[in-house]
Amino acid sequence: MDGTQLPELKTALPGPNSQAWVSRLANTECPAITARRARRESETGVPQDPIVWAEAKGANVKDVDGNVFVDLTGAFAVSGPGHRQDAVVEALQSQSSRLIHAMGDVYPSDIKIEFCERLAQVTPAGLNKSILGMSGADAITAALKTAAIYTGKPGVIAFTGGYHGLSYGALSVTAYRNSFREPFLQQLNPHVRFVPYPDPYRPPFGMEQARDSHSDEDVRDAVLAHIRSMLSHPASGAEGIGAIIVEPIQGRGGEVVPPEGFLAGLREICDAHGLVLIFDEIFTGFGRTGALFACEHEGVTPDILCLGKAMGGGVPLSAAVGTDEVMDGWGNSSGESIHTSTFLGNPLSCAMGLAAINEIVEGGWSEHANSFGATMRDDLDALRDHPNVGDIRGRGMMIGIDLVVDKTTREPNGALALSLMAKMRNLGFLILPSGSHGNVVALSPPFGLTMPQWEAGLNALKSCMTE
Ligand SMILES: Cc1ncc(COP(=O)(O)O)c(C=O)c1O
């Protein structure tokens, strides 16, 4: 498989080998996770059984039955330029012949130090100091701890629809779906205040009812005004707030692009109130939106930038990168580190991460994602008149097609998105639903998706939508 193939389906999907593997999985994996395979078949009328991956290269994935797919998801937007990039594989091989594991904060490895230096170089000016982790949720936890220790305040403002991960630290600021939080509410930080994200398509504060009389800027200003009034009202309990955490473009929340000026508004509020501004660019970072970091589109720099996904080139690696000032909030080391882990800055992850960053930066992949993504959105315009397509939005190669029951009510149509996922897979294309109602077809393909691959995917999408 060279990573430029169009779908090649050898079996009716999912094939017998995938089915056998999935049955084995059901014996040993926690049922709540495995149950995903039976997800809402009754609702969508389409079997939701998964395929089991065996190989991937570029924008292609091969399953255990030998079927080749085109991956329009980037495997949760991790793949960056593509699956199994040559430079990343070489870095893995070379590092594994030398050092696989070191002693995190006690005896770090040379490659971890090189990685942190490169991160400081490529992130916006002023962001110099990192805390590494393995998952996105690790980076969020590190950022929240940094803000708490720097400000001495436990409170955080976060946004509805925001997805920051599911560890206890990250879940406390995640408002993607109530069902994710409810069983654990007693164990979550009680000092988090959620405010609406300025979603231009589904605006908050009753603006939805009189949509046509409000501009995107009105939506932005209403949200910013709401935060300002929360922070200044003595009875709001907001004196305990030390940080604002936000995704510059919401990912799992439905590829929601806020109106221009929103990030600048948050920066201004944080400066005025002495709050730490945390940008979660775990999804949007490293080229996905057509700039190396989405905050660069607005020229706004946070106090802490959270990174993950594409940064590791496919291995688990994340970072919270902060200014000297906020990171100095931790104080000087006085013995044992109060925030560390066994695999902190694992040498294999850092070697692959370094190669992945270099590939994205030096290969001009952000610029490519910018122009290729614009072409994708132009092509998708052909779907705008479809009665169930409410909105098509995004930036760079992060695109959402918002499916609705009807265009007037804008009621989300999650069942349609889920059935499209299965139908597209049966034609050889992998897509994912996103959004709090699961009604957004999310496209975040590897940047190296070829034009024939995209055109074939687009045609498949059009034919599934007209079926
Ligand atoms: C914006 C954002 N933040 C954080 C996370 C959590 O990352 P992880 O699943 O690696 O913990 C995700 C995952 O999708 C994400 O999209």
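Numbering of ligands and ligand atoms starts at 1, following listing order. For the numbers below, each heavy atom of this structure counts, side chains included, while hydrogens, waters and symmetry mates do not.
Enclosure of atom CD in Glu260 is not indicated, since only 12 or fewer non-hydrogen atoms of other residues, nucleotides or ligands lie within 6.0 angstrom. Other residues, nucleotides and ligands contribute at most 12 non-hydrogen atoms within 6.0 Å of the CD atom of Glu336. Residue Phe76 qualifies as open at atom CZ: its count of foreign heavy atoms under 6.0 Å is 12 or below. Around CH2 of Trp454, the count of heavy atoms belonging to other residues, nucleotides or ligands within 6.0 Å exceeds 12.
Inclusion of Glu247 in the set of residues having an N or O under 3.5 Å from an N or O of ligand 1 is not warranted. Residue Gly165 has no N or O atom closer than 3.5 Å to an N or O atom of ligand 1. For the pair Gly136 and ligand 1, the shortest N or O to N or O distance falls below 3.5 Å. Any N or O atom pair closer than 3.5 Å counts here, and Lys309 shares at least one such pair with ligand 1.
There is no protein heavy atom closer than 4.0 angstrom to atom 9 (O) of ligand 1.
Shown in contact with Ser135 at under 4.0 Å from a heavy atom are these atoms of ligand 1, numbered in order with element: 10 (O), 11 (O).
Protein heavy atom at the shortest distance from atom 11 (O) of ligand 1 is Ala137 N, 2.9 Å. At the shortest separation from atom 3 (N) of ligand 1 among protein heavy atoms lies Asp280 OD2, 2.6 Å. Among all protein heavy atoms, the one lying closest to atom 2 (C) of ligand 1 is Tyr163 O, 3.2 Å.
Between Cys295 and Pro124, the closest heavy-atom pair is SG-CG, 4.2 Å.
For the ring-ring contact (aromatic ring centres under 6.0 Å, His included) with Tyr176, the qualifying choice from Phe159, Tyr197, Tyr163 is Tyr163, the only one to do so.
Using a distance-only test at 3.5 Å, with no hydrogens or angles considered, no donor-acceptor pair links the side chain of Asn189 to the main chain of Gly169.
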